[in-house]
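Convention: sequence-line order gives letters A, B, ...; per-chain numbering from 1. If you're wondering where the values come from, they're calculated on a predicted model, not measured in any experiment.
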2 protein chains.
Amino acid sequence: MDKAHSSRSARSALEPRQGAQAIRRALSVLRILAAGREDGVPLAEVVQATGLTRPTVHRIVHVLIEEGIVERHDRTGRYAIGNQVPELALARPRPSPLLVAAGPSLRRASAEIGDTLFLTVRTGNDTLCVDRRIGAYPIQVLSIEVGARRPLGVSSAGVAILAALPAQDARKIVTANEKRFDAYRTDAATVLGQVTAARRRGFGMREIGLVQGTTSISTWIKTPDGRPAAAMTVSAVRTRLGPRREQEVAEILLREARSIEQAIRSSA
Amino acid sequence: MDKAHSSRSARSALEPRQGAQAIRRALSVLRILAAGREDGVPLAEVVQATGLTRPTVHRIVHVLIEEGIVERHDRTGRYAIGNQVPELALARPRPSPLLVAAGPSLRRASAEIGDTLFLTVRTGNDTLCVDRRIGAYPIQVLSIEVGARRPLGVSSAGVAILAALPAQDARKIVTANEKRFDAYRTDAATVLGQVTAARRRGFGMREIGLVQGTTSISTWIKTPDGRPAAAMTVSAVRTRLGPRREQEVAEILLREARSIEQAIRSSA
DNA sequence: GGGCTTTGTCCATATTGTGGACAAGAACGC
DNA sequence: GCGTTCTTGTCCACAATATGGACAAAGCCC
C-alpha cells in the first residue's frame, strides 16, 4: 500500500478519515430525527432510514437523550431533536450569508408572482427549507415550513439542485437516499427521470407536488465555485400554473436566482 | 452482581447507560467549542477543558469537520461550531417556554432598573445567555451577548444558579468545571465561597464582574420541580450599584423572578 | 387472550477507538 | 539564516469499546 503521500493532499476532499464510526452514526441518526421536526420519528423509521441495526440506533438515541440532544415524546414514543441543539446553535450568531443575499430577491419575486415562495438549501443529502414568503394571491400552499427537511430528490427544490450537480454526484446522492424514498412514495428511477427533465428544461418542476393538487417550480442557485447550494421555489395550486404562466414564473425565478448568485459573489 | 431490577427503575435518573464513549466525548468537545462562539477555540484549550488526550480531540474535531458540524478558521487555526448545527436546530421551531414566560418580566424590570438585563439558562455544567435587554441609562454593560456560554460558577448568574441547587450538586458541578476555571481567572474555592454568600444573601453577586469595573446581581429562577433552571441578571458599572441601590435592584429582580416562575407554572 | 408490531435489553465477540511517541509547521528571538 | 519553543497533525500496536444476533417486554388490534 502506498502510504507515502496518501495523507495531506487527498484528505480534505475525499472524506476518508476514520476512527469515529460511532460519531458519524450518531450524526446520521440526528439528521433523520431533524427531518421529523417537532413530532419526531419512531425508532423503526430511524433504523430503516439509516440502515443501522435496531440495538445500535436504540443505544445511540438513548445516550443522546441522556446528553439532552434528543428528546422522547412520552405519548407517542417518537424521538425528536432536543433543546440542547438550538442552545449549541446560539454559538453562531450571524445569519447565513445566503439568507442575507437572498432577501431582496425573495421580496421582489414574491411581490411579482403572488404565490408562496421558498428558499431551500442543500445540507448533505437533504434539502432544508430556510425561508418562506407568502404572496398576495388568496390561495397559498403553506404545507412546507421553515425547517422542513427532506431527502434530496423528493421535492422540486431537491430535483433542481440534483439537476445542477454533475450527473455522477447526483446519481450517488440518489442512491444514498434510496432507502428513504419509500416514505415519500417515490423511488430512485422516478427521481432520476425528473432530474434529467429538469436539467434539459433549465429548472426543476413537480407537476404533482408533495401535497395533492399543487405544482412547484424551482431554480437552482450556485455558489461562486459552481456548485448548487440552494434553490428557489414557487408552489401553487395546480390550476394557477398552466403552461403559459409556468414559463412566466420560471423566467422570474431564473432572473432572481442569477441575482442572488451575484449578491453572494459580491458579499464574499 | 444484582442484575435483577437494576434496569428499568434506576436508569433514567442516574445517567449510567454505556456503549457510546465516543459520542459523549464528541458532545463535550462541541460544548467547549460552543463557548468559543464565532472565534472558536484552539485545539489545546479543548484538550485542557475536556481532559481528553490531544490525538483523541484532534480526531473527533476533524471527523466533525468532515460532517459539517465543526468549522476550522484557516487564519487562526481555531475550531468553532459549524453551520450544520443551526440547520439541525431548525427542527425545533418553537421558542423555549422560558423565553416566552420571561418576556413581560424582562420588559418591566428593564424599564424600572435602566441597566442591562440578562436572562441566562443552565445547560449541563454551563450557563448560556439567551436574552439581553438594554436599559435607558446612558452607560450600559454590553460585554455579554446572547449565545455567550460559560462554566457554571464564573458569572454571577452561574453563582446564583449554583446557590439555588442542593449544596452537594453544586459542589459536584464546581469540581467538574475546575479545569476550565483558569481561563476565567478564578478557582473552585473562590466560586464555592461566592455560592455560600449568595445562598445566605438570597441572590448572586459579583463585585468584580468579568469585565473590569462592573458589578452584577443575579436572582435564580426555578422550574415547578424546584430546580433552578435560569437566572436574571443586572450588570452595571460599579458606581451605579452602591449598597442602597443594590438592595433596591435585588428586590425588583426577586419580585420578577417569582413572577416568571408563576408564568412557567401556569403555561405548563 | 392470542397474534402482531414496536421498543427495550443482554452479552460474547472483533472491530473500533485509543493515546503514547514521533513529526511537521508556525512564531519568535537574535 | 538557524536554533528554540510553541501548537497542530499523524502513526500504529493494543485493548477497551461498540456492535448486533437473539431474546424479552410492552402495546395494540381483533
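Taking atom CD1 of residue B:Ile65 and atom C1' of nucleotide D:dT8, one finds them 12 Å apart after rounding to whole Å. Between the P atom of D:dG9 and the CG atom of B:Leu52 lies a distance of 16 Å, rounded to the nearest Å. In this structure, CZ of B:Arg24 is placed 18 Å from C1' of C:dT16, rounded to the nearest angstrom. Separating the NE2 atom of B:His73 from the P atom of D:dT8 is a distance of 15 Å, rounded to the nearest angstrom. Atom C1' of nucleotide C:dT16 and atom CD1 of B:Ile60 are separated by 13 Å, given to the nearest angstrom. One interatomic measurement links the two molecules: NE2 of B:His58 to P of D:dC11, which rounds to 11 Å at whole-angstrom precision. When rounded to the nearest whole Å, the span between CZ of A:Arg78 and P of C:dG8 equals 14 Å. Atom-to-atom, NE2 of B:His62 to P of C:dG19 comes out at 17 Å; the value is rounded to the nearest Å.
If A:Thr76 and A:Ile23 are placed on DNA chain C by their nearest nucleotide, the residue sitting closer to the 5' end is A:Thr76. For the pair A:Thr56 and A:Arg75, both in contact range of DNA chain D, the more 5′-proximal nearest nucleotide belongs to A:Thr56. Between B:Ala22 and A:Arg59, the residue anchored closer to the 5' end of DNA chain C is A:Arg59, taking for each the nucleotide with the nearest heavy atom.
Within the nucleic acid shown, B:Arg25 comes within 4.0 Å of sugar-phosphate atoms alone, with no base atom in reach, counting heavy atoms only.
A side-chain N or O of A:Arg31 and one of B:Gln84 form a donor-acceptor pair less than 3.5 Å apart. Between the side chains of B:Thr123 and B:Asp126, no donor N or O sits under 3.5 Å from an acceptor N or O. Side-chain atoms of B:His62 and B:Tyr79 include a donor-acceptor pair closer than 3.5 Å.
The backbone N or O of B:Leu52 lies less than 3.5 Å from no partner atom in the side chain of B:Arg25, so there is not a single donor-acceptor pair.
Within the structure, every side-chain polar atom (N or O) of A:Gln21 is placed at least 4.0 Å from both OP1 and OP2 of D:dA18. Regarding contacts with the backbone of D:dG9, a side-chain N or O of B:Arg72 is found under 4.0 angstrom from either OP1 or OP2. When the side-chain nitrogen and oxygen atoms of B:Tyr79 are compared with OP1 and OP2 of D:dT7, none of them lie within a distance under 4.0 Å. For D:dT19, the OP1/OP2 oxygens have no side-chain nitrogen or oxygen of A:Thr53 closer than 4.0 Å.
Comparing C:dG8, C:dT7, D:dG9 by their closest approach to the side chain of A:Pro42 singles out C:dT7. When the nucleotides C:dG19, D:dT7, D:dG20 are ranked by their closest atom to the side chain of B:Ala44, D:dT7 comes out on top. Ranking C:dG8, C:dT18, D:dG20 by closeness to the A:Leu43 side chain, first place goes to C:dG8.
Taking 3.5 Å as the limit, the base of D:dG9 and the side chain of B:Arg54 contain a donor-acceptor pair of atoms between them.
Between B:Asn83 atom CG and B:Ile69 atom CD1 the span is 9.0 Å, to the nearest 0.5 Å.
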